[in-house]
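Below is one structure, written out as structure tokens, with a few remarks after it.
Nothing fancy with the numbering, it's 1 onward along the sequence. Computed over heavy atoms, backbone and side chain alike; hydrogens, waters and symmetry mates excluded.
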Amino acid sequence: MSINRAFFFEVIRESLFPNGLKQSQVDGAEAILDAWESDHAAKDDRWLAYILATAYHESAHTLQAVRETLANTDDQAIKRLETAWNAGKLPWVKTPYWRRDADGKSWYGRGLVQLTHKRNYEALGTRLGVDLVTDPDAALDLDIAVKIIIAGMIEGLFTKRKLKDFFDGDSDDWAGARRIINGLESADRLAGHGRAFYRAISYK
């Protein structure tokens, strides 16, 4: 499917970016659309819509590969997460994954999908042929971040749940699809975002 970009941006500008789109947001959306059209165009359009919704949510609407909490450095991300954890603001987190390991590295969220935990950096790095363990900040490269979110969500590399589990044939579960990433945290909100992006890519 070739996506009508003019229609796409018109729809998301009205529904998801009421204050206007920055060039960086356009660039992020274009990177995802380009990768999809290049390698996945024959797949279910709803998969693309939910990938876009996830990137929109996980990147705090920037559609850029960002550090968790939108921090500028590792230390800043760690401090912000530790503060939130101590204040009880991260009830879905079981272990403080951002604390530095024996090698001094932190496995806080990076990218379009907020990749966390060393095991996930290892798994996605192996899948993509990128050494994300030696250099976890490589997940902040937009091209790599796009590959991470697409492969991870299609193949179930984050939680073993994948897009086909929720969008297949005549069945869809826009809220349940959040389980691909993070249980049901913000599930209804993501469902709304997903439907908005689906409308944006559905121009024929």
Open item on the list: If you take the centroid of each ring, where Trp contributes its six-membered ring, are Phe166 and Trp174 closer together than 6.0 Å?
Closed with: no
- [ ] State whether Glu68 and Arg110 are salt-bridged, where the test is any N-O pair (Lys NZ or Arg NE/NH1/NH2 against Asp/Glu carboxylate O) under 4.0 Å.
- [x] no
Task: Neighbour count above 12 (heavy atom, 6.0 Å) for Arg100 CZ - done: yes
Open item on the list: In the structure I gave you, are the side-chain heavy atoms of Lys162 and Glu155 within less than 4.5 Å of one another anywhere?
Closed with: no
Open item on the list: Which residue is it: Trp107, Phe158, Tyr108? I am looking for the one with a ring-ring contact (aromatic ring centres under 6.0 Å, His included) to Tyr121.
Closed with: Trp107
- [ ] Go through Asp75 and Arg80 one step at a time and tell me if the salt bridge (charged side-chain N to carboxylate O under 4.0 Å, His left out) criterion holds.
- [x] CA-CA 9 Å; Asp75 286 343; Arg80 289 178 177 177; over 6 Å; no
Open item on the list: If the threshold is 4.0 Å, N to carboxylate O, is there a salt bridge linking Asp44 and Arg46?
Closed with: yes
Task: Within-4.5 Å side-chain heavy-atom neighbours: Phe7 and Val11 - done: yes
Open item on the list: Under a 4.0 Å threshold between the charged nitrogen and the carboxylate oxygen, would Arg179 count as salt-bridged to Asp165?
Closed with: no
- [ ] Could you tell me whether the side chain of Asp39 reaches within less than 4.5 Å of the side chain of Ile150, counting heavy atoms only?
- [x] no
Task: Heavy-atom donor-acceptor pair, Asp141 side chain to Asp143 backbone, under 3.5 Å - done: yes
Open item on the list: Any non-hydrogen side-chain atom of Phe8 less than 4.5 Å from a side-chain atom of Leu52?
Closed with: yes
TODO: Before giving the answer on side-chain contact (heavy atoms from CB on, under 4.5 Å), spell out for Asp74 and Arg67 the whole-Å C-alpha distance, their side-chain angles and the decisive distance to 0.1 Å.
DONE: CA-CA 8 Å; Asp74 286 0; Arg67 289 181 175 85; 3.9 Å; yes
Open item on the list: Students often mix this up, so state it plainly: with edges at 30° and 60°, are the rings of Tyr56 and Phe17 parallel, tilted or perpendicular?
Closed with: perpendicular
Task: Pairwise distance CG(Asn182) to OG1(Thr116) - rounded to 0.5 angstrom - done: 8.0 Å
Task: Pairing of Glu58 and Arg178 as salt bridge, 4.0 angstrom limit - done: yes
TODO: Under the side-chain contact (heavy atoms from CB on, under 4.5 Å) rule, what do Asp168 and Leu163 come out as? Steps first, then yes or no, please.
DONE: CA-CA 8 Å; Asp168 188 23; Leu163 287 160; over 6 Å; no
- [ ] Give the ring-plane orientation class for Trp98 versus Trp85, where under 30° counts as parallel, over 60° as perpendicular and anything between as tilted.
- [x] perpendicular
Open item on the list: Could you report the tightest heavy-atom contact between Ala145 and Gly111, atom names first, then the distance?
Closed with: CB-CA, 4.2 Å
- [ ] State, yes or no, whether a side-chain contact exists between Asp137 and Leu140 at a heavy-atom distance under 4.5 Å.
- [x] yes
- [ ] Take Leu124 and Val130, measure what side-chain contact (heavy atoms from CB on, under 4.5 Å) needs, and give me the verdict at the end.
- [x] CA-CA 8 Å; Leu124 270 296; Val130 178; over 6 Å; no
Open item on the list: I'd like to know whether Glu14 forms a salt bridge (charged side-chain N to carboxylate O under 4.0 Å, His left out) with Arg199, so could you lay out the CA-CA distance, the side-chain angles of the two residues, the decisive distance to 0.1 Å, and finally the verdict.
Closed with: CA-CA 12 Å; Glu14 292 176 355; Arg199 288 194 299 273; over 6 Å; no
